[in-house]
Amino acid sequence: KMIHASIVHNGFNSNVVVGTALVNFYGKCGRVEDATNVFDKMPLRNAVSWTAIVAAYSQNGYGREAVKLFRQMQLEGLKPSRITFICILDACSILASLAEGKEIHARLVDGGFQSDDVTVWNAVVHMYGKCKNVDDARSVFD
């Protein structure tokens, strides 16, 4: 909180990199409300900022909110990165939402994500496992 206050006092709170770092920091500390407050006050947001807020919600067990933010990110025309996909797949795992997980999986395939990106595909396998869909998990694994 002291660092955040110093950032505001020195006028760095409008910097997208600093704001994103604060969102990330608060999310990792389990302070989703603080992360959201920083995010909402950011005058400029980019795909990294959006990924940070999606991750904050997902990492703290708020899967439904993470999915809503992911959709809002897309409505604003920002392209999800591999990290964004990993975070949103984690949110689908938390929710055990097979329908949303399959939708995200399809977006990965349509988006041309490489099959050698082990981290992304591990997240897909994990999501299918959490959704109790062993057949699709095995299909992705193979």
Side-chain angles (χ1 to χ4, degrees), residues 1-133 136-142:
K1 286 281 191 180
M2 288 176 47
I3 293 170
H4 186 182
S6 177
I7 288 168
V8 171
H9 177 74
N10 290 305
F12 292 111
N13 55 316
S14 63
N15 182 297
V16 69
V17 174
V18 173
T20 300
L22 282 170
V23 170
N24 187 44
F25 167 76
Y26 281 128
K28 288 185 179 190
C29 291
R31 304 198 50 146
V32 178
E33 187 175 326
D34 290 328
T36 302
N37 287 336
V38 171
F39 182 80
D40 288 344
K41 291 177 183 171
M42 291 175 68
L44 178 65
R45 300 177 195 140
N46 60 21
V48 178
S49 308
W50 279 96
T51 299
I53 195 66
V54 168
Y57 276 91
S58 180
Q59 291 168 355
N60 287 286
Y62 300 103
R64 178 65 46 215
E65 292 82 358
V67 170
K68 286 180 187 175
L69 287 162
F70 177 75
R71 294 193 189 294
Q72 187 176 345
M73 173 187 179
Q74 293 174 304
L75 288 173
E76 295 203 10
L78 294 166
K79 183 178 179 184
S81 70
R82 61 185 290 282
I83 303 300
T84 314
F85 278 113
I86 291 167
C87 293
I88 201 61
L89 285 163
D90 185 52
C92 292
S93 297
I94 291 165
L95 295 170
S97 176
L98 183 59
E100 286 172 321
K102 281 187 172 233
E103 178 188 332
I104 301 302
H105 182 192
R107 295 230 28 233
L108 281 167
V109 172
D110 292 344
F113 275 81
Q114 301 300 317
S115 61
D116 63 348
D117 192 334
V118 175
T119 308
V120 171
W121 296 109
N122 278 344
V124 174
V125 170
H126 180 261
M127 178 275 302
Y128 279 126
K130 285 293 201 173
C131 294
K132 300 182 183 353
N133 188 328
D136 282 341
R138 182 62 189 206
S139 175
V140 172
F141 182 79
D142 290 339

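A quick note: this is a predicted structure, and the numbers were derived from the prediction, not measured.
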Begin with the C-alpha distance, continue with both residues' side-chain angles, and end with the deciding distance and a verdict on side-chain contact (heavy atoms from CB on, under 4.5 Å) for Asp40 and Arg45. CA-CA 9 Å; Asp40 288 344; Arg45 300 177 195 140; 4.3 Å; yes
Under the side chain to side chain donor-acceptor pair (under 3.5 Å) rule, what do Tyr57 and Thr36 come out as? Steps first, then yes or no, please. CA-CA 9 Å; Tyr57 276 91; Thr36 302; 2.6 Å; yes
Run the numbers on Leu108 and Leu89 for side-chain contact (heavy atoms from CB on, under 4.5 Å), then give the verdict. CA-CA 11 Å; Leu108 281 167; Leu89 285 163; 4.0 Å; yes
Would you please test His126 and Trp121 for ring-ring contact (aromatic ring centres under 6.0 Å, His included) and show each step? CA-CA 8 Å; His126 180 261; Trp121 296 109; over 10 Å; no
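Summarising the geometry, atom OH belonging to Tyr26 is positioned 16.0 Å from atom CZ belonging to Phe39; distances are rounded to the nearest 0.5 Å. A distance of 11.5 Å separates CD1 in Ile104 from SG in Cys87, rounded to the nearest 0.5 Å. Separation of atoms CZ (Phe70) and OG (Ser58) is listed at 11.5 Å; rounding is to 0.5 Å. Note: Thr119 OG1 to Ile86 CD1 = 5.5 Å, rounded to the nearest 0.5 Å. Between the CG atom in Leu98 and the NZ atom in Lys132 there is a gap of 11.5 Å [rounded to 0.5 Å]. Rounding to the nearest 0.5 angstrom, the gap separating the CD atom in Gln72 from the CD1 atom in Ile53 is 10.5 Å.
The side chain to side chain donor-acceptor pair (under 3.5 Å) search around Ser49 returns Thr20, Asn46, not counting sequence neighbours. In this structure, the side chain to side chain donor-acceptor pair (under 3.5 Å) partners of Ser81, at least two apart in sequence or on a different chain, are Thr84. With sequence neighbours left out, the salt bridge (charged side-chain N to carboxylate O under 4.0 Å, His left out) criterion links Lys102 to Asp136. Remark: Glu103 pairs with Arg71 by the side chain to side chain donor-acceptor pair (under 3.5 Å) rule, at least two apart or across chains.
Applying the side-chain hydrogen bond (donor to acceptor under 3.5 Å, both in side chains) definition to pairs two or more places apart or across chains, those involving residues 59-70 are Arg64-Glu100. For residues 76-92, the salt bridge (Lys or Arg N to Asp or Glu O under 4.0 Å) pairs, not counting sequence neighbours, are Arg82-Asp117.
Between Met42 and Val16, the closest side-chain pair of non-hydrogen atoms falls below 4.5 Å. Asn37 has its side chain within reach of Glu33: a pair of non-hydrogen atoms, C-beta onward, lies under 4.5 Å apart.
The two residues Ala91 and Val67 make their nearest non-hydrogen contact at CB-CG2, 4.3 Å. Nearest heavy-atom pair across Cys92 and Cys131 is O-SG, 4.2 Å.
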